[in-house]
Engineer: 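Before I ask anything, here is the structure I am working with.
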Amino acid sequence: MFKNYIKIAWRNLWKRKAFTLLNIIGLSIAFTVAILLSMTATFELSHDKFHTDIGRIYQVINKEQTAKGSEISFTHAVPFTPTLREEVPGVQSISRYLEQNGLVSYGEKDFTIDIAYVDNDFFSMFSFPEIKGNITNALKTKSNVVLTEKSAMKLFGTLDVIGKTVTLLVNGKHEPFVIAGILHNIPFQSSLEFDIAVNFENHTSYTSRMNDWSNKNHEVYLKLQENIAPIQFEKNTREFSNLHFADQIENAKRDGAQKSKNNQYQEIKLSNFADKNFVQIVNGDLIVKKTYPYLILSISILILFIASVNFINMSIGASVYRLREIGVRKTMGARKTELFFQFWSESIFIFLSSIGIGLLLASSLLKPFKTLFRTEASFANITTQSFLISALFGFLIITCLAGGYPAYILSKLGTLQSLKGKLNMVSKNRLRDSLMVFQFSIAILLMSGSLVLWKQIDYMRTKDLGFNKEQVISFPLNGKKDNRLALELLRNELSNAPQAVSISASDNNFGLGKDGSGYTSVLGFDYKERGVKTNMLIVDYDYLQTLDLSLVSGRTFNRKYANDSLSVIINEAMAKEIAEKDPVQKTFSMGDSTKYTIIGVVKDYHFEKLNKKIEPITFFMDSEWDVYYAYVKIKSNDHLGSLSVVENAWKKIEPNAEFLGSFLDENLDRAIRKERIMTTIITTGSVIAIALSCIGIFAISLLLITQRKKEIGVRKVVGASILSLTMMLSKDFIKLVGIAFILSSPISYWLLNNWLQGYSYRINLSLWFFILSGAVAILIAFLTISVQTIKAAIANPVKSLRTE
């Protein structure tokens with residue numbers, strides 16, 4: 001019996017080659033896209049899942065109430081971690097975590113690598129795969145370090161390095177460290193990435209801030225003991241917060257802050273480490289947003305759905321031509337179940353063929369796909385048990401629907417009605433039309449989404465950010481020499497270079513540089529008996545001139561003034577923060593009672609991403625504080641040549657250091673990489689959705705025109721024009737696309753408006769985005785249908801009238 005099903009299925013599919021080919025092409029494309037996007041989504045969702053007991057690992061967050069509302073902080077003071085462990089029960093493991101770029105040397109080799117300063121509990125808490133050494137207790141000794149496989153090979157060319165000594169530039173000094181362990185390369189799904197792990201006690205802040213609760217510069221992670229709920233642990237920390245943050249609490253009360261819903265001014269909160277890659281701060285609260293991976297997964301499902309709708313519609317439409325076959329089979333005694341299995345076997349054959357082709361295409365396209373979308377996803381991400389069960393369940397539903405629904409409709413017909421070859425198509429048309437409306441709604445939604453996203457990305461790329469981003473090169477000062485000394489040597493080296501206009505430096509970069517690092521420092525102090533906060537930036541001379549920042553009032557730092565080390569420049573947002581209309585020459589004191597004088601105010605500029613409002617920022621020019629990034633402003637012509645000149649100058653100063661220079665506009669592009677990738681995915685999805693919808697509408701129009709050949713012939717005989725026939729045959733399909741536009745536009749508007757709310761600076765959501773998407777969809781649908789309708793309209797009516 002089964003062999004007979006296969007034989008008849010093959011015969012019927014071969015007989016209708018055009019529809020079989022269209023089905024296989026559409027489904028193969030859909031499966032290819034769905035496989036690639038699904039592995040990307042599951043890869044994103046698998047972040048940090050390789051750690052054992054990840055459900056018990058948390059990032060420690062501080063939530064404080066201010067006069068402006070609640071604020072979230074991820075950083076903590078040096079004494080916070082040991083004190084929390086000692087005073088609050090329930091902690092199994094806890095570690096500080098501070099990541100910085102640093103210089104490591106072995107022999108003549110110097111490399112700038114990513115250093116993680118951690119406590120000894122770090123490797124007992126996190127399950128980073130080890131190769132050699134006792135990783136769990138490797139950092140118990142202050143002079144020990146743990147290297148990754150990549151770093152060990154870069155320095156030594158071998159993994160047999162346990163017990164060998166490397167030199168690290170720590171606190172301005174070259175210190176020897178013994179290699180106590182080797183890790184496998186950090187998995188791509190890890191939120192914590194580093195090249196070498198060092199005991200936290202080696203960091204300069206450890207000794208200088210051991211008892212300082214006001215200066216916060218690192219993250220803290222902990223693992224709770226078994227049977228300890230995070231909510232209970234948070235309650236247990238309230239007395240701890242009230243004791244150790246008493247001064248901050250008093251200041252919050254003084255400034256008019258309101259208590260939280262838990263009746264607290266300072267709270268310690270736990271954020272599950274499994275969600276670290278998806279955590280965002282929204283209105284002073286921590287929320288988990290997995291929009292990006294779920295959006296990718298949704299697009300893959302929607303594209304597969306559109307292809308499946310085409311398949312179902314074509315199966316239903318083509319079943320009309322099999323009425324006599326069904327009648328004969330019923331006359332011979334075929335039961336409903338046998339008819340169902342016959343149709344189902346044909347569906348399975350097409351689906352299995354398409355899945356096979358899709359797997360081959362996905363495999364061949366995987367490498368360029370990973371390059372384009374900057375992902376390390378692989379087939380391993382979609383071979384999990386839960387994913388395969390879900391895929392099998394979807395496969396059975398679609399094939400049963402595609403094979404079972406036509407069988408159900410046809411099996412209800414009487415034998416005589418089947419043999420006459422006629423079928424009332426009213427109910428079937430409703431299902432077909434509903435499915436077509438739904439698939440075009442998806443296509444229009446994706447198209448309007450891609451238009452809005454591209455416009456927002458273009459807005460972020462071209463918006464005037466208030467500084468010169470096209471003519472400024474930035475790079476890390478990553479050599480052995482003291483950074484300020486290296487900066488002066490760079491000035492001397494480029495003094496005669498006509499390409500260099502001005503040179504400066506700061507302790508932070510714009511956007512995301514080639515070294516991948518970027519951080520902000522926030523400073524809090526009292527001003528006129530009121531707490532204020534500002535971003536803190538250490539700069540060198542000529543910073544404003546190099547970045548082309550506009551000075552609103554006062555002056556910039558000048559080498560003629562010896563006291564400029566105690567002077568600061570603020571932006572307009574900081575002037576509002578301290579409520580001073582004319583802040584120049586006003587003074588303030590920080591925690592160490594040192595008085596700083598405001599000498600200038602710069603116009604507000606975007607030093608962070610456009611999803612954040614411009615915040616207060618204060619420039620300090622104190623040579624006691626280090627700078628980490630150099631900035632070189634060049635002339636507008638010959639960017640590549642100027643970059644080469646700067647690189648050669650840096651290599652003369654630091655011949656063993658890697659030059660990681662890039663223009664600021666490149667850094668800013670890297671910072672919005674995720675938005676660009678998401679936009680590319682949605683755009684690709686909309687193109688494929690439209691293409692698949694056109695395949696479906698082309699096939700359905702071909703079926704219906706074939707059914708109406710005699711009607712077309714009669715109309716031509718009585719004088720109908722080609723245009724009138726084309727409009728008659730097209731209007732029903734165009735009406736469906738119009739309904740799809742009406743249904744999808746409000747949903748699309750709501751979704752996109754919510755997405756844009758995440759950006760403080762955004763485009764206006766015009767109706768033209770949706771009108772254009774609908775018009776394009778209607779035009780494409782009309783052109784697709786016209787291929788068949790015009791062909792039918794110009795055909796010889798004599799041939800049409802012979803069809804009966």
Engineer: Are the ring centres of F467 and F510 closer than 6.0 Å?
Structural biologist: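 Under 6.0 Å, so yes.
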
Engineer: Are Y543 and Y541 close enough that their ring centres sit under 6.0 Å apart?
Structural biologist: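 They do not qualify: ring centres at least 6.0 Å apart.
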
Engineer: Once rounded to the nearest 0.5 Å, what's the spacing between atom CD1 of I113 and atom CG of L103?
Structural biologist: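 CG of L103 is found 8.5 Å from CD1 of I113.
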
Engineer: For residues Y221 and E219, is any side-chain donor paired with an opposing acceptor at under 3.5 Å?
Structural biologist: yes

Engineer: Between the side chain of E615 and the main-chain N/O of T534, is any donor-acceptor distance below 3.5 Å?
Structural biologist: no

Engineer: Looking only at the side chains, is there a donor atom on one of N262 and E267 sitting less than 3.5 Å from an acceptor on the other?
Structural biologist: yes

Engineer: Decide whether a cation-pi geometry holds between R555 and Y561; the criteria are a distance under 6.0 Å from NZ or CZ to the six-membered ring centre and an angle within 45° of the ring axis.
Structural biologist: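 Judged by the rule, R555 and Y561 form a cation-pi pair.
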
Engineer: Do F619 and F557 come close enough that some side-chain heavy atom pair is under 4.5 Å?
Structural biologist: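 Counting from C-beta outward, F619 and F557 do come under 4.5 Å.
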
Engineer: If you measure only the distance, is there a donor-acceptor pair under 3.5 Å linking the side chains of S191 and D48?
Structural biologist: yes

Engineer: Within this structure, what is the OG-NZ distance for the pair S73 and K269, rounded to the nearest 0.5 Å?
Structural biologist: 14.5 Å

Engineer: Do E99 and H218 pair up side chain to side chain, a donor and an acceptor below 3.5 Å, judged on atom types alone?
Structural biologist: no

Engineer: How about CD on Q258, more than 12 heavy atoms from neighbouring residues, nucleotides or ligands closer than 6.0 Å, or not?
Structural biologist: no

Engineer: If the test is side chain to side chain contact (heavy atoms under 4.5 Å, CB included), which one of V220, N217, I268 qualifies with H76?
Structural biologist: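 Single side chain to side chain contact (heavy atoms under 4.5 Å, CB included) partner of H76 among V220, N217, I268: V220.
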
Engineer: Spell out, as yes or no, whether a donor-acceptor pair under 3.5 Å connects the side chain of S662 to the backbone of E666.
Structural biologist: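 Pair absent, no side-chain N/O of S662 close to backbone of E666.
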
Engineer: Kindly say whether K140 contributes a backbone atom to a donor-acceptor pair with the side chain of N120 at under 3.5 angstrom?
Structural biologist: yes

Engineer: Do Y117 and F194 have ring centroids that are under 6.0 Å from one another?
Structural biologist: no

Engineer: What do you reckon, are the aromatic ring centroids of F475 and Y629 less than 6.0 Å apart?
Structural biologist: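 Aromatic pair excluded; centres sit 6.0 Å or further apart.
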
Engineer: Would you please say whether a donor-acceptor pair under 3.5 Å links the side chains of R56 and Q225?
Structural biologist: no

Engineer: Quick one: do the R762 and Q757 side chains pair a donor with an acceptor below 3.5 Å?
Structural biologist: yes

Engineer: Would you please say whether a donor-acceptor pair under 3.5 Å links the side chains of E488 and N492?
Structural biologist: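 There is no such pair (donor and acceptor under 3.5 Å, judged by atom type) between the side chains of E488 and N492.
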
Engineer: Ignoring hydrogens and angles, state whether a donor on the side chain of H203 or Q100 is under 3.5 Å from an acceptor on the partner side chain.
Structural biologist: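 A donor-acceptor contact under 3.5 Å links the two side chains.
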
Engineer: Which heavy-atom pair separates T556 from L551 by the least distance, and what is that distance?
Structural biologist: N-CD2, 3.9 Å

Engineer: Against the six-membered ring of Y761, is K463 placed for a cation-pi contact (under 6.0 Å from the centre, within 45° of the normal)?
Structural biologist: yes

Engineer: Does a donor on one side chain and an acceptor on the other come within less than 3.5 Å for S474 and N509?
Structural biologist: yes

Engineer: Under 3.5 Å, is there a donor on one side chain and an acceptor on the other for N62 and Q266?
Structural biologist: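 Yes, because at least one side-chain N or O of N62 sits under 3.5 Å from a partner of the opposite role on Q266.
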
Engineer: For the aromatic rings, using the six-membered ring if either is Trp, is the centroid distance between F620 and Y596 under 6.0 Å?
Structural biologist: yes

Engineer: To the nearest 0.5 Å, what is the distance between OG on S504 and CG on L544?
Structural biologist: 8.5 Å

Engineer: Between the main-chain N or O of V532 and the side-chain N or O of E577, is there a donor-acceptor pair closer than 3.5 Å?
Structural biologist: no

Engineer: Pairing donors with acceptors under 3.5 angstrom, does anything connect the side chains of D121 and S95?
Structural biologist: no

Engineer: Could you grab the distance from atom CG of D542 to atom CG of N558, nearest 0.5 Å is fine?
Structural biologist: 9.0 Å

Engineer: So how far is it from D507 CG to Y628 OH, rounded to the nearest 0.5 Å?
Structural biologist: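 It is 7.0 Å, given to the nearest 0.5 Å.
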
Engineer: Within a 6.0 Å radius of atom CG on N563, are there more than 12 heavy atoms belonging to other residues, nucleotides or ligands?
Structural biologist: no

Engineer: Any donor-acceptor pair under 3.5 Å linking the side chain of N571 with the backbone of I617?
Structural biologist: yes

Engineer: Using ring pair (Phe, Tyr, Trp, His ring centres under 6.0 Å) as the criterion, point out the one residue from F126, Y97, Y58 that pairs with F273.
Structural biologist: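 Of F126, Y97, Y58, ring pair (Phe, Tyr, Trp, His ring centres under 6.0 Å) with F273 is met by F126 alone.
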
Engineer: Give a yes or no answer on whether the side chain of Q456 reaches the backbone of I763 with a donor-acceptor pair at less than 3.5 Å.
Structural biologist: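 Checking the backbone N and O of I763 against the side chain of Q456, a donor-acceptor pair under 3.5 Å is found.
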
Engineer: Mind checking the CG-CG spacing from L512 to N667? Nearest 0.5 Å is all I need.
Structural biologist: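 So the gap between those two atoms works out to 7.0 Å.
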
Engineer: Are any side-chain N or O atoms of K469 and backbone N or O atoms of R461, one a donor and one an acceptor, separated by less than 3.5 Å?
Structural biologist: yes

Engineer: If we ignore angles and hydrogens, is there a donor and acceptor under 3.5 Å between the side chains of E580 and Y527?
Structural biologist: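 Yes, side-chain donor-acceptor contact under 3.5 Å.
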
Engineer: We want to know whether T597 and T587 form a side-chain donor-acceptor pair, criterion being a heavy-atom distance below 3.5 angstrom.
Structural biologist: no

